[in-house]
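In this text, all values refer to a predicted model and were calculated from it rather than measured experimentally. For the numbers below, each heavy atom of this structure counts, side chains included, while hydrogens, waters and symmetry mates do not.
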Amino acid sequence: MEAVVEGLWSLAEEAELRRDYGAAAKCLESLLQCGASLLPLVEIRTRLRLAHLLLSRSHNLNHAKAHLERALLLLSSARSAALHLKLSAHSLLARCYHLIGAIPSQKHILLRALDLLSSSAAGGSLPPAATLLWSANFYSHLASTLVIDGDHPGALSALSSGFTAAAELRSSELQLFFAASALHVHLLHWEDPPSVEATVRQCLELWESIPFDQHYIGLFFYNELLQTFYLLRICDYKGAAQHVEKLDAAMKSEQQKVQHVKELIAELNSVNRNLFQSNLQRRERLSLYEKQGQLQEQLRMATGVDSTNKLLDLDDKLLLAPPPMDGEWLPRGAVSALVDLMVVMLGRPKGVFKECGRRIQSGLQLIYEELAKLGVVDGRREVDLQHSAIWMAGLYLMLLMQFLENKVAVELTRSEFVEAQEALVQMKDWFVRFPTILQGCESTIEMLRGQYAHSVGCFHEAAFHFIEATKLTESKSVQSMCHVYAAVSYICIGDAESSSKALDLVGPVFRIMDSFVGVREKTCIIFVYGLLLMRQHNLQEARIRLASGLKIAHQQLGNIQLVSQYLTILGTLALQLHDTGQAREILKSSLTLAKTLYDVPTQIWVLSVLTALYREIGERGNEMENSEYERKKEDDLQKRLSEAHSRIHHLELIEKVMVKVQPLHEVAIRKAVAGPSANIDLDIPESVGLPYPQPAASASRLGEFDLVRRGKMKM
């Protein structure tokens, strides 16, 4: 029987090398179903191996769970020499429970594993280094579980214990992993700014102490992206840009390396298949073995990985840490898309629309390909997803929505209303098909419907959607910004009642504007407050407030659209105060910025003020020339608006009705995609990292909020 066991194990390994995972599973299953009495350790090893294969390469989570639970039952009576198998079984079962959404069971099995480690350490059953490494692994799992439960202090405590174990191991890479994970928790649950800053500094110091090692390139991307999120959160866009440049260069280099590795692996797979042929001549076989050795050596040189088995997953994973923690934060494709998204978010406020468009298209194409692999194709809905695919599909769907959100923002800025309309309709359709997974996007969709309605001159509808958006989010920042947007729409309506409503919305957020992290909200609140002061004919106070807001917008945000709008309103104020020299200078600067952004409504607004300026100072020629240019721009805008209004989806987007979705009763989906809330943007899967909700620190929310445009020229 021993020969049969060894033979089937070898056949399973050979099938894995050929990437024939079905055949590998059949070999292991046939051993368990052969009817012969297997030694307990043989059965345990076989079940663990089969469960790992099912978890990694199939959607058959229930069978994997059954094998792991049976293996643990057998291990309960096994001798202490099988401790490493017990630990492996606990780790795999925790991962399985995570994938099926059984969070209480996952937490229970992790606490059992830590108790087992504690007792084994006291008895000296494991070497100290192995004990510490397993402890780090289980604390990482536990932190993920506690984040899902909304226990952020507990998660930070677990990560602190993991960091201590990593320090005792003297592993700088592992220490950085735990420090970065703690930073991630702080970004999810921003309560203590000094602690966040201390964790950021700790991550930077640890990274500086580590020689750059391509083997853990995933740790580089994880740390750099978290640093970028932090800097965007505090509105340090210059600092964030430096990190994004490093990320972009590293991703391009990594893609080239991966392509080379894929070519080597494909060639090695071909050689391996040829070696299984039975009719090879001795010389041919020797030549193939020599070629196999050369390719394996080239792969080792290119990747730093010694094990041939580990090379199977190399092109798929951005590794974060050593075994047994050799998992990833996000899949390679998601990280690549996220880097593109960061480039878009930093480029959009500067008006770098050509590059933004290229990155949006690249990101969307990648995401559509990954979703197709998961079975998310035309007509498929939430209830059609394989359970094991829910988490990954949710991840790519959230990234998809963020790319579409940025596309809507770019197209509205460029006054390409039809393109913005199409992207927004796509967001709405995806939400209707996946309402549970994309629950956190509902507020964003309403806010974008408001921005679209405002941009095409439907101010009553815009205000409605902005107010509705505030009811769909718990984020104070997003609620405040939606109140600001609604106030602008009310101001543009122009009557006394609407102005009163605008004041009612702006007053409360003006009083708390210094409480927000960063200055993004403050600059927009000051802008609208300045508009209201002008309505009240308090021109000097408006000028002082707006000048302070302009300074912040220019120095800290780098958002040239907002700067252009500030300049335009300040130019208008200067004209009303008869400071024509300053008005001319300010308005010309504003017009230059508006042209850079292809922002037609703001251009018209500036041109109308310039026309009034030339009329006041008696420059008839400039007045006529400027008025003619303004008329051409008005004609251009009206043509764009007419085209948008004529489209079939226009009324659907602006109507004062919330998006309706088919009610679902899929408890399993909710468990799989939602922690304490379903506002998920960027999650961390599997055995490493911290999965689940990121309502306040998502990539899309970390971007700047552009003021809704058009209509302000009616001031």
### Query
Looking at side-chain heavy atoms only, is the closest gap between Ser30 and Leu8 below 4.5 Å?
yes
### Task
Look only at the side chain of Ser10 and the backbone of Glu6, and say whether a donor-acceptor pair between them is shorter than 3.5 Å.
yes
### Query
Measuring from Cys203:SG to Tyr230:OH, what's the distance to the nearest 0.5 Å?
11.0 Å
### Task
Please examine the side chains of Ser172 and Trp207, heavy atoms only from C-beta on, and report whether any two atoms are closer than 4.5 Å.
no
### Message
Applying salt bridge (Lys or Arg N to Asp or Glu O under 4.0 Å) to Lys373 and Glu369, what does each step give before you reach the verdict?
### Response
CA-CA 7 Å; Lys373 293 176 187 176; Glu369 291 172 1; over 6 Å; no
### Message
Would Glu168 and Ser135 count as a side-chain contact (heavy atoms from CB on, under 4.5 Å) here? Give the steps.
### Response
CA-CA 11 Å; Glu168 290 184 41; Ser135 295; over 6 Å; no
### Query
Strictly under 6.0 Å, is that where the ring centroids of Phe221 and Trp329 end up?
no
### Message
When you compare the side chains of His243 and Glu224, does any donor N or O come within less than 3.5 Å of an acceptor on the partner?
### Response
yes
### Message
In the structure I gave you, are the side-chain heavy atoms of Phe178 and Thr164 within less than 4.5 Å of one another anywhere?
### Response
no
### Task
Would you check if Arg47 and Leu68 make a side-chain contact, meaning some heavy-atom pair closer than 4.5 Å?
no
#### Entry: Pairwise distance CZ(Arg380) to CG(Leu374) - rounded to 0.5 angstrom
10.0 Å
### Message
I need the minimum non-hydrogen distance between Asn60 and His63, along with the two atoms involved.
### Response
ND2-ND1, 2.9 Å
### Task
Taking all heavy atoms of Val147 and all of Ala155, pick out the closest pair and write down the distance.
CG2-CB, 3.6 Å
#### Entry: Derivation and outcome, side-chain contact (heavy atoms from CB on, under 4.5 Å), residues Leu397 and Ile367
CA-CA 8 Å; Leu397 284 169; Ile367 290 167; over 6 Å; no
### Query
Can you find a pair of side-chain heavy atoms, one from Ser181 and one from His186, that are under 4.5 Å apart?
no
### Query
Of the non-hydrogen atoms in Leu53 and Ala25, which two are nearest, and what is the gap between them?
CD2-N, 3.5 Å
### Task
Rounded to the nearest 0.5 Å, what's the gap from CG on Leu55 to CG on Leu99? Could you check?
6.5 Å
### Query
Is it true that a side-chain atom of Ser140 and a backbone atom of Ala136 form a donor plus acceptor pair closer than 3.5 Å?
no
### Gap separating the NE2 atom of His98 from the CD1 atom of Ile148, nearest 0.5 angstrom
5.5 Å
### Query
At their closest point, which heavy atom of Ala240 faces which heavy atom of Leu231, and how far apart are they?
N-CD1, 3.6 Å
### Message
Between Tyr222 and His184, is there a side-chain donor-acceptor contact under 3.5 Å, judged purely by atom types and distance?
### Response
yes
### Side-chain H-bond candidate by donor/acceptor type, Trp134 with Ser91, under 3.5 Å
no
#### Entry: Heavy-atom donor-acceptor pair, Ser336 side chain to Arg332 backbone, under 3.5 Å
no
#### Entry: Between CG on residue Leu341 and CE on residue Met345, distance to nearest 0.5 Å
6.0 Å
### Any side-chain heavy-atom pair of Met401 and Glu405 under 4.5 Å
no
### Message
If the threshold is 4.0 Å, N to carboxylate O, is there a salt bridge linking Glu205 and Arg201?
### Response
no
### Short side-chain donor-acceptor distance under 3.5 Å, Glu382 and Thr436
yes
### Query
Given Trp430 and Leu371, is the side-chain contact (heavy atoms from CB on, under 4.5 Å) satisfied, shown in steps?
CA-CA 12 Å; Trp430 281 108; Leu371 286 173; 4.3 Å; yes
### Query
Got a salt bridge between Lys26 and Glu29, using NZ or NE/NH1/NH2 to carboxylate O under 4.0 Å?
no
#### Entry: Residue that, paired with Leu31, satisfies side-chain contact (heavy atoms from CB on, under 4.5 Å) out of Leu11, Leu38, Leu50
Leu38
### Heavy-atom closest pair, residues Asp340 and Gly363
OD2-N, 4.0 Å
### Message
Check whether Ser120 reaches the backbone of Leu117 with its side chain - one donor and one acceptor, N or O, closer than 3.5 Å.
### Response
yes
#### Entry: Main-chain N/O of Leu116 paired to Ser119 side chain as donor or acceptor, under 3.5 Å
yes
### Query
Hey, is the main chain of Leu156 close enough, under 3.5 Å, to the side chain of Ser160 for a donor-acceptor pair?
no
### Query
Quick one: does Asn223's side chain have a donor or acceptor within less than 3.5 Å of a partner on Phe220's backbone?
no
#### Entry: For the student: nearest non-hydrogen atoms of Ile44 and Ala71, plus distance
CG1-O, 4.2 Å
### Query
With side chains defined as the heavy atoms from C-beta onward, is the minimum distance between Tyr139 and Leu110 less than 4.5 Å?
no
### Message
For the CG atom of Leu92 and the CG atom of Leu87, what is their distance to the nearest 0.5 Å?
### Response
11.0 Å
### Message
Could you check whether any side-chain N or O of Thr145 sits under 3.5 Å from a backbone N or O of His141, counting only pairs where one atom can act as donor and the other as acceptor?
### Response
yes
### Query
Are the side chain of Glu254 and the backbone of Ile217 linked by a donor-acceptor contact shorter than 3.5 Å?
no
#### Entry: Audit row: Glu43, Arg70, side-chain contact (heavy atoms from CB on, under 4.5 Å) steps and yes/no
CA-CA 10 Å; Glu43 183 178 349; Arg70 174 63 180 167; 3.6 Å; yes
### Query
Do the side chains of Leu54 and Leu61 get nearer than 4.5 Å, heavy atoms only?
no
#### Entry: Donor-acceptor pair, side chain of His108 and main chain of Pro104, under 3.5 angstrom
no
### Query
Can you check side-chain hydrogen bond (donor to acceptor under 3.5 Å, both in side chains) on Thr46 and Trp9, steps first, answer last?
CA-CA 8 Å; Thr46 305; Trp9 279 358; 3.1 Å; yes
